[in-house]
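Reading through the structure tokens given below for one structure.
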Amino acid sequence: RIARECGMRVPLEYRFGSVEELRRRRAEIVFPLVAKAANREADVTTHVRYLHTFEELEASYLEGRLGMGTLLQEYCAGDGVGIEILMWNGRPQVAFQHRRWRENPPSGGVSVLAEAQKPDPELLEQSIRLLNGLSWQGVAMVEFKVDSANARWWLMEVNGRYWGSLPLALNAGVPFPYCEWMVAHGLTLPAPPAYSAGAKTVWRFGSLQVLVQTIKQWRRNRLSARPLRAGVDFLSSLFSLTPDAVWNWNDLRGSVQEYKLFFRAGLLKLPLASALWSSVQIGRAHGVGSGFQYLCQRLKRILGVRRPAPPDVENVREVLFVCAGNIIRSALAEAMLRDLLPKDSSIRARSAGVLTRQGRPADARAATAARQLGFSLESHRSTPLSEALARDCDLIIVMDDLNRSILAHRFPAALPKTHLLAEAFPEAEAPPEIDDPFNGGLSDVIECAVRIQRHIARMHAAMNRNNADPLKS
């Protein structure tokens, strides 16, 4: 509000008090959106997210990824420019400007490569006016998106604390902390520190993170991912003489800790270390027996000695699909098989979850995926896996080794008729597990649903070949 009163261009903003309000105001929302914490000090769990469709936005609220206090902003294209100012008694004491040339994530975030610039007179004047309108005292960074090609800019936010690119100002010769200390102690600042435009600072660890994330996206067939470009950027930053934003030979503790955490996380991605660590965590959460079962399954897979017998689908009369929560994967699989079976079929498809409670509706993203694929999950309600369910069905189809391990620990008699969907009815070069997309976005759930549908089609074909009961083609 104050920014608009100062005549500044700001992106459209939205806040919703409920999902019902979100749905009522659907027509006024302009996509794409950037979701961020309205108050970073009070909300440390909300990370910057980019939302491209209403369905993705709605699902994020329903699944708790966004809170009702989350700030939603219209996405503005351009370069990130920060005007850093030390305000004291209504007057700017020190001013600095930087431009972000690379960010983490690349679509907009923390500076990876930043350059000092002479303050743009218009942006500086607008920033001072805004901070005076806020009666601001102390340091602040006023952040803009600048579209140089069209000579436009938008105010993005005011960062009322020391900012991540502070090392650039220090390296350029603008000691903001010392200047603030001086004015806070009633000392008169000398002439504003002069600095040379063009000084740069690179965050090499951030560049490494960008490379790793880009490779992951590329491996998931994200067409926007550019691993070669990210690799060139990382190598150029690694071997450049540009000062690092964190690494300092005179203060190595923070620098070493940053890389230590990164490589520790990377170690856990090694197959054996990952299996051991995961089994310990599963044992803590679901019992030692489940953890031991999981470790055995993973070791067999790593060593290449896992040779599961194909499922016996002849004369199957009841199929039970099992996943963790019974609100995404097993719910989709049940609905898909039911859709393929004729109404008068003697085969019954059911689903359950090893880590769920009774009566939960299907995940909103799964419901959206189901509609896109031509069927409905509106009537679905979750069911916890029980001994009776495990005993009475003829075939149990699970989605991953965790589901199988918990089931084997609780109901060992059901293990011989338990199979992984993607392992029992495989596709060429497809992984044997169907991972839980719960912590992903709408696109991840849709991708999972499409994959489940392909495996269910193979399962249906196998049942057609081996079952005397005619099935719908």
Subject >> With sequence neighbours excluded, residues passing side chain to side chain donor-acceptor pair (under 3.5 Å) with Y162 >> reply: E180
**OP:** Could I get the full list of side chain to side chain donor-acceptor pair (under 3.5 Å) partners for R4, not counting sequence neighbours?
**Re:** none
Subject >> Salt bridge R15-E21, side-chain N to carboxylate O under 4.0 Å >> reply: no
**OP:** Side-chain contact test, heavy atoms from C-beta onward, threshold under 4.5 Å: evaluate it for V34 versus Y50 and give yes or no.
**Re:** yes
Subject >> Student check: side-chain heavy atoms of L51 and Y75 closer than 4.5 Å >> reply: no
Original post:
From S330 OG over to I452 CD1, what is the distance, rounded to the nearest 0.5 angstrom?
Top reply: 8.5 Å
Original post:
Would M8 and F144 satisfy side chain to side chain contact (heavy atoms under 4.5 Å, CB included), going step by step from the backbone distance to the final call?
Top reply: CA-CA 11 Å; M8 304 180 77; F144 297 89; 3.7 Å; yes
Original post:
Distance from E427 atom CD to R454 atom CZ, nearest 0.5 Å?
Top reply: 4.0 Å
Original post:
Any Lys/Arg nitrogen of E55 or R26 sitting under 4.0 Å from an Asp/Glu carboxylate oxygen of the other?
Top reply: yes
**OP:** Keeping the roles fixed (side chain from K118, backbone from A197), state whether a donor-acceptor pair exists under 3.5 Å.
**Re:** no
**OP:** Take atom CZ of R381 as the centre, draw a 6.0 Å sphere, and report whether it contains more than 12 heavy atoms from other residues, nucleotides or ligands.
**Re:** yes
**OP:** Have a look at N403 and tell me which of V398, I397, L385, D436 forms a side chain to side chain contact (heavy atoms under 4.5 Å, CB included) with it.
**Re:** V398
**OP:** Quick one: closest heavy-atom pair of Y61 and L72, and the distance?
**Re:** OH-CD1, 3.4 Å
Original post:
How long is the gap from CZ on F321 to CE on M336, to the nearest 0.5 Å?
Top reply: 10.0 Å
**OP:** For L124 and P119, work out which heavy atoms get closest and say how close.
**Re:** CD2-CB, 4.0 Å
Subject >> Aromatic ring pairing W181/H185, orientation class (parallel under 30°, perpendicular over 60°, tilted between) >> reply: tilted
Original post:
Shortest non-hydrogen contact from W247 to D244?
Top reply: N-OD1, 2.8 Å
**OP:** Could you tell me which non-hydrogen atom of N326 sits nearest to which non-hydrogen atom of S382, and how far apart they are?
**Re:** OD1-CA, 3.2 Å
Original post:
side chain to side chain donor-acceptor pair (under 3.5 Å) with Q97: which residues, sequence neighbours excluded?
Top reply: Q117
Original post:
If we only count heavy atoms from C-beta on, is the H286 to L355 side-chain gap below 4.5 Å?
Top reply: yes
**OP:** To the nearest 0.5 Å, tell me how far L442 CG sits from H52 NE2.
**Re:** 12.0 Å
Original post:
Salt bridge between R404 and E433, side-chain N to carboxylate O under 4.0 Å?
Top reply: no
**OP:** Indicate yes or no: at least one non-hydrogen side-chain atom of T383 is less than 4.5 angstrom from one of Q358.
**Re:** yes
Original post:
Where the side chain of Q73 meets the backbone of M156, is there a donor-acceptor pair that is under 3.5 Å apart?
Top reply: yes
**OP:** Starting from the C-alpha separation in whole Å, work towards a yes-or-no answer on salt bridge (charged side-chain N to carboxylate O under 4.0 Å, His left out) for E143 and R100.
**Re:** CA-CA 11 Å; E143 185 176 344; R100 297 172 178 173; 3.1 Å; yes
**OP:** Indicate the atoms forming the closest heavy-atom contact of A370 with L332, along with that distance.
**Re:** CB-CD2, 4.1 Å
Original post:
In Å and rounded to the nearest 0.5 Å, what is the SG to CD1 distance from C448 to I328?
Top reply: 7.5 Å
Original post:
Is there side-chain contact between N89 and Q137, with at least one heavy-atom pair below 4.5 Å?
Top reply: yes
**OP:** Step by step, work out the side chain to side chain contact (heavy atoms under 4.5 Å, CB included) result for E334 and H380.
**Re:** CA-CA 10 Å; E334 176 191 359; H380 175 82; 4.0 Å; yes
Let me have the donor-acceptor pairs involving side chains of residues 229-240, under 3.5 Å, with sequence neighbours excluded, atom names and distances please.
residue: R229; atom: NE; partner: D233; partner atom: OD1; Å: 3.4
residue: R229; atom: NE; partner: D233; partner atom: OD2; Å: 3.4
residue: S236; atom: OG; partner: V232; partner atom: O; Å: 3.1
residue: S236; atom: OG; partner: D233; partner atom: O; Å: 2.8
residue: S237; atom: OG; partner: S207; partner atom: OG; Å: 3.4
residue: S237; atom: OG; partner: D233; partner atom: O; Å: 3.3
residue: S237; atom: OG; partner: F234; partner atom: O; Å: 2.7
residue: S240; atom: OG; partner: R204; partner atom: NH2; Å: 3.3
residue: S240; atom: OG; partner: S237; partner atom: O; Å: 3.2
residue: S240; atom: OG; partner: T242; partner atom: N; Å: 3.4

**OP:** Give the intermediate values and the outcome of side chain to side chain contact (heavy atoms under 4.5 Å, CB included) for residues V94 and V139.
**Re:** CA-CA 9 Å; V94 181; V139 295; over 6 Å; no
Subject >> side chain to side chain donor-acceptor pair (under 3.5 Å) involving E125 - partner list, sequence neighbours excluded >> reply: R129
Original post:
Within the side chain of N171, is there an N or O that forms a donor-acceptor pair under 3.5 Å with the backbone of L168?
Top reply: no
Original post:
Tell me, which pairs form a ring-ring contact (aromatic ring centres under 6.0 Å, His included) where one or both residues lie in residues 83-104, sequence neighbours left out?
Top reply: F96-Y195
Original post:
Does S127 reach the side chain of M87, with side-chain heavy atoms less than 4.5 Å apart?
Top reply: no
**OP:** Show your working on side-chain hydrogen bond (donor to acceptor under 3.5 Å, both in side chains) between W153 and Q126 and close with a plain yes or no.
**Re:** CA-CA 11 Å; W153 55 263; Q126 294 281 1; over 6 Å; no
Original post:
Can you tell me if CZ on R357 sees more than 12 non-hydrogen neighbours from other groups inside 6.0 Å?
Top reply: no
**OP:** Look only at the side chain of Y14 and the backbone of E28, and say whether a donor-acceptor pair between them is shorter than 3.5 Å.
**Re:** yes
**OP:** Anything under 30° is parallel, anything over 60° is perpendicular, the rest tilted; go ahead and classify F205 against W203.
**Re:** tilted
Subject >> Any F31 side-chain heavy atom under 4.5 Å of L57 side chain >> reply: yes
Subject >> Pair S405-D401, side-chain hydrogen bond (donor to acceptor under 3.5 Å, both in side chains): steps then yes or no >> reply: CA-CA 6 Å; S405 300; D401 282 335; 6.0 Å; no
Original post:
What distance do S165 atom OG and R99 atom CZ have between them, rounded to the nearest 0.5 Å?
Top reply: 13.5 Å
Original post:
R329 side chain to I434 main-chain N or O, any donor-acceptor pair under 3.5 Å?
Top reply: yes
Subject >> L22 vs F54 side-chain heavy atoms within contact, under 4.5 Å >> reply: yes
Subject >> Closest heavy-atom pair and its distance - L373, A449 >> reply: CD1-CB, 3.8 Å
Subject >> Evaluation steps, side chain to side chain contact (heavy atoms under 4.5 Å, CB included), between E13 and L71 >> reply: CA-CA 7 Å; E13 292 186 356; L71 174 64; 3.6 Å; yes
